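Each remark here refers to the structure printed beneath this line.
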Amino acid sequence: MTYDPKQIESKWQQKWEETQLYRSVVDWSKPKHYALTMLPYPSGDLHIGHWFAMTPSDARARYMRMKGYNVLFPMGFDAFGLPAENAAVQRNIHPYKWTISNIQRMRGQLRSMGAMFDWQREAVSCDPSYYKWTEWFFKRFYEAGLAYRGEAMVNWSPTLQTVLANEQVIDGKDERTGQPVIQKMMTQWFFRYTRYTDEMLNFDKLDWPEPVKIMQTNWIGRSEGAHVTFKTESGDDLLIYTTRPDTLWGATFMVLAPEHGLVSKITTPDQRDAVKAYQDQAARSTEIERVSEDREKTGVFTGGYAINPVNGARIPIWIADYVMVTYGTGAIMAVPAHDVRDFAFARKFGLKIVPVIQPQGESFNGDTMPEAYVGDGVMVNSDQFNGTPSNGMKGRKNPAIDAVITWLEGKGIGKEAVNYRLRDWLISRQRYWGCPIPMIHRADGTLEPEADVNLPVVLPENVDFDPSGRSPLTYYDPFLQAVDSDGKPARRETDTMDTFMCSSWYQYRYLSPNYSQAPFDPEEAAYWLPVDVYTGGAEHATMHLLYTRWFTKAMRDLGVFDDAEAIMRQHGRDVNGVFDEPMLLLRNQGQVLGAERPGDYIIATGKFVGEKLFANHVEVVGGSNDVPKGFDGVCGEIVKRTENIITVDMAGVKRTVEVVDGAKVIIPAIEGENTVNQLKHHLEIQRMSKSKGNVVNPDELVNAYGADSVRAYLMFAFDWEKGGPWDPNGMKGVVNWINDVWDMVLAGAPISGEGDSALNRDIERKVHQAIDKVAYSFERFSFNTAIAALMILRNTLREAIKTKQIGKATWDFAMKTNLLLMAPITPHVAEELWEKLGQPYSVHNQLFPAYDPEIAAEDEVDLVVMINGKPRENIKVSAEIGEQEAIDTALASASVQRALNGAQPKKVLFIASRKGQEPKVNIVI
RNA sequence: GGGGUCGUGGUGGAAUCGGCAGACACGAUCGCCUUAAAAGCGAUUGCCCGAAAGGCGUGUGGGUUCAAGUCCCACCGACCCCA
């Protein structure tokens with residue numbers, strides 16, 4: 001009988017389902033483990049990246065289950081979002097239908113993984129029973145003042161007719177479609193993200209990757225400084241925020257954001273046209289362009305002046321786009337001597353530069369300084385503060401800043417202040433396919449939330465989609481017409497919510513997706529929360545992960561967890577801080593990239609126009625040496641292809657070939673008529689995408705090798721937290737491994753007797769060493785070393801079986817243990833072989849084998865003899881060897897005798913045997 | 001410009017507290033088996049020299065240490081995030 005993955009995988013998937021093997025139920029007598037992996041967007045096809053994220057997470061969850069934990073490992077779909085709506089507009093399919101059929105297809109693909117998902121906990125965010133609670137959360141936040149409506153400069157995509165979050169705009173373009181984005185003022189819904197900034201900067205409770213914590217910290221961007229009030233000559237207050245109040249005396253001009261409210265008032269008539277033109281231009285550029293330090297500075301003088309409150313200096317007021325209206329107060333004091341951007345601006349426009357910080361013993365000259373000085377020094381040109389050290393520290397830790405802030409506060413012209421880069425979370429989307437915002441615009445212009453009994457506000461199904469992409473909600477009357485709490489006609493809000501809103505609380509809906517009294521069943525929450533392990537892509541470091549942290553803190557403060565907390569108390573669980581954070585441990589997997597592959601080697605003939613060949617005949621040939629003699633055309637490897645334009649590397653020279661319409665294309669490897677589009681070009685390692693033709697389809701791999709092999713390969717071939725390029729050849733290693741184990745089990749014990757006791761003892765030892773290595777690896781998400789340990793065990797067992805000296809009992813123990821160790825990685829094969837060994841169903845209900853260090857210990861080890869730290873000789877000694885005996889052995893060894901040549905060693909060190917390491921003696925001569 | 005991560009054989013990668021660098025696997029070479037190929041099995045596989053002994057090796061250059069892939073400093077390069 002041979003290993004047929006297709007037959008055994010479907011058989012066991014069915015049996016697991018029939019027996020509800022992975023149903024996770026609250027059981028207070030067992031310790032719980034909530035393992036969560038990021039839910040997919042239902043794009044229609046499961047990508048190899050989903051397998052790479054989910055199957056190792058599944059293996060880890062299975063390991064925890066075998067360690068005796070009651071494990072919850074749920075799955076669902078993040079089902080609102082633009083692609084569904086685009087499909088509706090472009091292909092006339094309703095977003096709901098498109099999404100649901102994709103979900104159905106992906107459920108099947110997810111099942112083929114053989115993962116231990118508890119499907120009864122599946123949650124789908126576009127289902128009204130789910131988004132009812134998303135709306136309910138919105139309403140609670142609104143009532144608590146955490147949700148509000150405000151004017152904002154927003155990223156408007158003219159193509160998609162929608163507002164995008166800053167996070168969704170990259171280089172002035174929409175991150176998904178690459179379409180340009182412009183700046184526009186609009187009334188939008190916001191969440192008071194900034195309410196929890198300080199709490200979100202605290203990671204004490206979290207075992208999260210360091211880079212994620214750093215990214216979040218930078219994203220929140222807390223800075224310490226002061227607010228200082230300048231006066232314009234016309235008498236208006238002009239408030240600025242600065243992190244460097246110690247440089248106030250060096251402020252030689254001011255810069256306002258072009259959108260700043262005071263601009264029109266201070267602008268003098270002769271500057272009006274220039275200012276207006278500049279404002280228009282600024283509206284067209286994106287924030288990232290505007291604040292880039294590399295960019296040539298631009299700006300316009302308003303004609304107005306302000307008075308520097310610390311020294312009475314009259315300084316000009318400019319506008320420039322590198323100052324953002326949304327950051328700080330939208331106005332800065334410019335200190336060109338000590339700020340890189342201000343310096344570039346001052347030099348360009350010939351503005352005064354006054355140094356006010358200098359290292360001891362140096363003397364800067366504002367007219368000749370080559371660049372801004374941002375280092376430490378002492379204050380100069382600053383009246384009574386001259387000589388105060390400025391040590392480069394932030395905030396009050398800097399004596400100069402500390403002294404100036406105290407003085408400013410005393411004089412009433414400034415105040416210590418903290419500023420954040422982070423702005424409130426803009427959740428409005430002018431789209432149809434999203435969770436409705438349950439608000440009503442009353443006839444009198446006021447707003448009120450929809451009554452709880454009317455939730456959810458359901459998305460109407462019967463709508464037509466405008467080809468312009470405009471949301472149908474804005475012109476569909478039955479939806480628009482609402483009734484307010486006084487029974488008067490009113491208009492329904494047509495914005496929908498950012499999909500990040502739906503995914504900010506899905507880990508709570510999984511607990512009880514059908515519960516209708518609340519977002520989640522408190523009984524379930526009391527047992528399962530918080531999430532113990534969260535796995536997913538690092539790209540969510542600053543968006544999703546900050547949103548979900550914010551959400552959890554807001555839920556906690558609104559008392560949403562109160563019932564769950566009471567139940568926890570009844571069961572004696574410590575509730576202190578348990579709802580402060582959604583996920584305690586986070587690990588990010590890397591990314592599987594496309595495989596590198598050579599391009600086709602072609603011979604192309606046709607007509608030359610200059611250097612360029614217009615080919616009417618292109619043929620793929622093998623090798624690079626068979627260039628016909630006197631050949632008139634182009635031959636070589638295809639290094640690039642864009643449609644029918646091919647770049648060919650001809651003996652190191654790049655040649656361009658255009659394949660003309662109707663040209664003959666011959667690709668021997670592909671049957672039938674060939675087209676230019678089938679020509680392979682050289683592909684460098686990069687993200688997989690359909691257009692690059694380097695997508696690895698997991699369904700095809702599962703078909704060819706079986707799910708267990710695909711799972712094992714994904715876990716073995718990469719450092720999971722790093723990822724890397726796909727290598728189709730590496731599969732062989734894990735396929736052989738699984739086949740070898742299969743063959744060993746099916747072959748049965750080589751002898752029926754007791755066999756050789758020394759060999760048996762050694763096999764037991766090796767099995768226990770494997771137990772330890774596999775467990776240690778799973779603990780650390782180091783899946784590749786777990787499989788390496790199992791391969792070592794395979795190698796050991798194969799050697800041992802050949803001797804025909806391994807006893808039946810030892811063989812049984814080794815096989816059973818081997819299957820238990822494999823079970824989390826290759827669940828189907830392990831289950832099948834477990835059954836073949838006559839063991840009771842299911843291998844996945846067994847405990848992980850217990851490790852016994854006594855059995856794993858070696859009796860004999862290599863004593864490593866080192867001279868000056870270099871290993872010279874290995875001598876077999878008892879594992880229990882003491883220091884003196886080890887040193888004597890080492891000194892007597894041939895290599896030491898030879899090296900010493902009668903002399904005395906300077907120093908002799910004994911390094912005792914530690915876990916997995918041999919004892920060592922280092923002799924210094 | 002700032003912050004971060006990371007540089008290890010032909011390749012993917014191992015190396016738990018500073019303690020034998022290269023585990024495990026792919027690939028390659030040679031051999032066995034075969035009419036042949038595939039598969040399978042066996043051997044070799046960091047570099048140099050060699051009979052042995054040895055020397056050199058974790059991006060580069062320094063440093064700390066009995067001992068450095070691992071710690072410290074500077075530099076080079078790649079990638080990511082932010083500006």
Side-chain angles (χ1 to χ4, degrees), chain A residues 166-167 170 209-221 287-295 322 324 327 339-341 344 371-372 374 421 538-539 541-543 588 590-593 595-596 685-686 712-714 716-737 739-740 743 772-773 775-777 779-780 782-795 798 802 861-874 894-895 898-899 905-925:
Chain A
N166 283 337
E167 293 88 333
I170 291 171
E210 227 34 62
V212 172
K213 295 195 266 185
I214 290 164
M215 271 191 255
Q216 294 204 345
T217 303
N218 292 341
W219 193 261
I220 293 167
E287 180 170 337
I288 291 181
E289 283 165 19
R290 285 175 57 166
V291 294
S292 168
E293 282 176 14
D294 314 330
R295 186 163 161 255
Y322 74 93
M324 306 304 302
Y327 183 83
D339 181 277
V340 175
R341 288 181 303 185
E371 58 183 4
V374 293
R421 199 190 73 89
E539 67 275 17
T542 48
M543 296 193 260
N588 298 126
Q591 208 169 43
V592 181
L593 303 168
E596 189 164 17
I685 299 160
Q686 53 192 336
Y713 182 54
L714 286 169
F716 181 67
F718 307 90
D719 169 351
W720 186 66
E721 301 194 44
K722 218 167 100 191
W726 177 258
D727 174 8
N729 300 317
M731 200 77 201
K732 193 181 156 182
V734 291
V735 169
N736 285 348
W737 167 57
N739 277 324
D740 288 345
D743 291 343
D772 186 40
K773 188 72 202 267
Y776 177 74
S777 299
E779 294 292 339
R780 302 178 30 198
S782 171
F783 304 100
N784 52 356
T785 53
I787 294 175
L790 288 166
M791 285 175 169
I792 293 170
L793 183 60
R794 178 262 322 252
N795 295 344
R798 265 159 56 108
K802 273 193 228 159
V861 292
D862 281 334
L863 173 72
V864 181
V865 179
M866 304 171 110
I867 297 171
N868 291 337
K870 286 190 186 117
R872 274 298 118 101
E873 200 173 340
N874 285 355
S895 48
R898 192 164 46 230
K906 283 204 191 104
K907 200 167 176 179
V908 178
L909 286 111
F910 173 68
I911 302 110
S913 173
R914 264 178 288 172
K915 191 172 184 180
Q917 272 157 7
E918 289 72 14
K920 297 174 188 73
V921 173
N922 190 13
I923 291 159
V924 185
I925 57 174

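The structure presented is a predicted model; accordingly, all values stated were derived computationally and were not measured. Residue numbers start from 1 in every chain, and the chains themselves are labelled A, B, ... in the order their sequence lines are given, proteins ahead of strands.
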request  = May I ask you to decide if the ring planes of A/Phe718 and A/Tyr713 are parallel, tilted or perpendicular, using 30° and 60° as cut-offs?
outcome  = tilted
query = Is the shortest side-chain N/O distance from A/Arg341 to OP1 or OP2 of B/rG1 below 4.0 Å?
reply = no
note = All stems that RNA chain B takes part in, i.e. 3 or more consecutive Watson-Crick or G-U pairs with distances under 3.5 Å, are B:1-7 with B:76-82, B:10-12 with B:24-26, B:27-32 with B:40-45, B:46-48 with B:54-56, B:59-63 with B:71-75
Nearest-nucleotide comparison on RNA chain B, the residue closer to the 5′ end among A/Trp720 and A/Asp740 = A/Trp720
request  = Under 4.0 Å between any heavy atoms, over every strand shown, what does A/Gly723 touch: base, sugar-phosphate, or nothing? Just pick one.
outcome  = sugar-phosphate
message = I need the CG-C1' distance between A/Asp339 and B/rA83, as an integer number of Å.
response = 13 Å
ask   = Touch check for A/Lys802, heavy atoms < 4.0 angstrom, all strands: base, sugar-phosphate only, or nothing?
value = sugar-phosphate
remark   = To the nearest angstrom, the CD-C1' distance between A/Glu721 and B/rG13 comes to 15 Å
query = Roughly, in whole Å, what's the span from CG in A/Asn868 to P in B/rU65?
reply = 15 Å
key: Minimum heavy-atom distance A/Arg794-A/Asp740, with the two atoms named   = NH1-OD2, 2.8 Å
ask   = Please give, in whole Å, the distance from B/rC82 C1' to A/Arg421 CZ?
value = 7 Å
remark   = Each nucleotide of nucleotides 17-30 of chain B classed B (base within 4.0 Å of a protein heavy atom), S (only sugar-phosphate) or -, in 5' to 3' order, makes B-BBS-BBSSS---
remark   = Separation between CG (A/Asn795) and CH2 (A/Trp737), nearest 0.5 Å, reads 12.0 Å
remark   = Closest non-hydrogen contact found for A/Asn588 with A/Val212 is OD1-CG2, 3.3 Å
message = Could you tell me how far apart A/Lys722 (NZ) and B/rC80 (P) are, to the nearest whole angstrom?
response = 15 Å
Hey, what are the protein-to-nucleotides 48-58 of chain B N/O distances that come in under 3.5 Å?
residue: B/rG55; atom: OP2; partner: A/Arg872; partner atom: NH2; Å: 3.0

request  = Would you mind calling B/rC17 syn or anti? Take O4'-C1'-N9-C4 for purines or O4'-C1'-N1-C2 for pyrimidines, and syn is within 90° of 0.
outcome  = syn
task = Please state the C1' separation for the pair B/rU65 and B/rG54 - nearest whole angstrom.
result = 25 Å
note = Separation of B/rU5 atom P from A/Asp719 atom CG, nearest Å, is 15 Å
Nearest-Å distance for atom pair CG/C1', residues A/Asn218 and B/rU5 = 14 Å
inquiry  = Quick check: closest heavy atoms across A/Asn922 and A/Asn868, and the distance to 0.1 Å?
reply    = OD1-N, 3.4 Å
request  = For B/rC71 versus B/rC81, give the span between their C1' atoms, rounded off to a whole number of Å.
outcome  = 27 Å
ask   = Rounding to a whole Å, what distance do you find between A/Ile923:CD1 and B/rA67:C1'?
value = 13 Å
task = Would you mind calling B/rG9 syn or anti? Take O4'-C1'-N9-C4 for purines or O4'-C1'-N1-C2 for pyrimidines, and syn is within 90° of 0.
result = syn
request  = Say whether A/Ser777 and A/Ser782, considering side chains only, have a donor N or O and an acceptor N or O under 3.5 Å apart.
outcome  = no
request  = Would you name the heavy atoms of A/Pro905 and A/Ile925 that are closest together and state the gap between them?
outcome  = CA-CG2, 4.2 Å
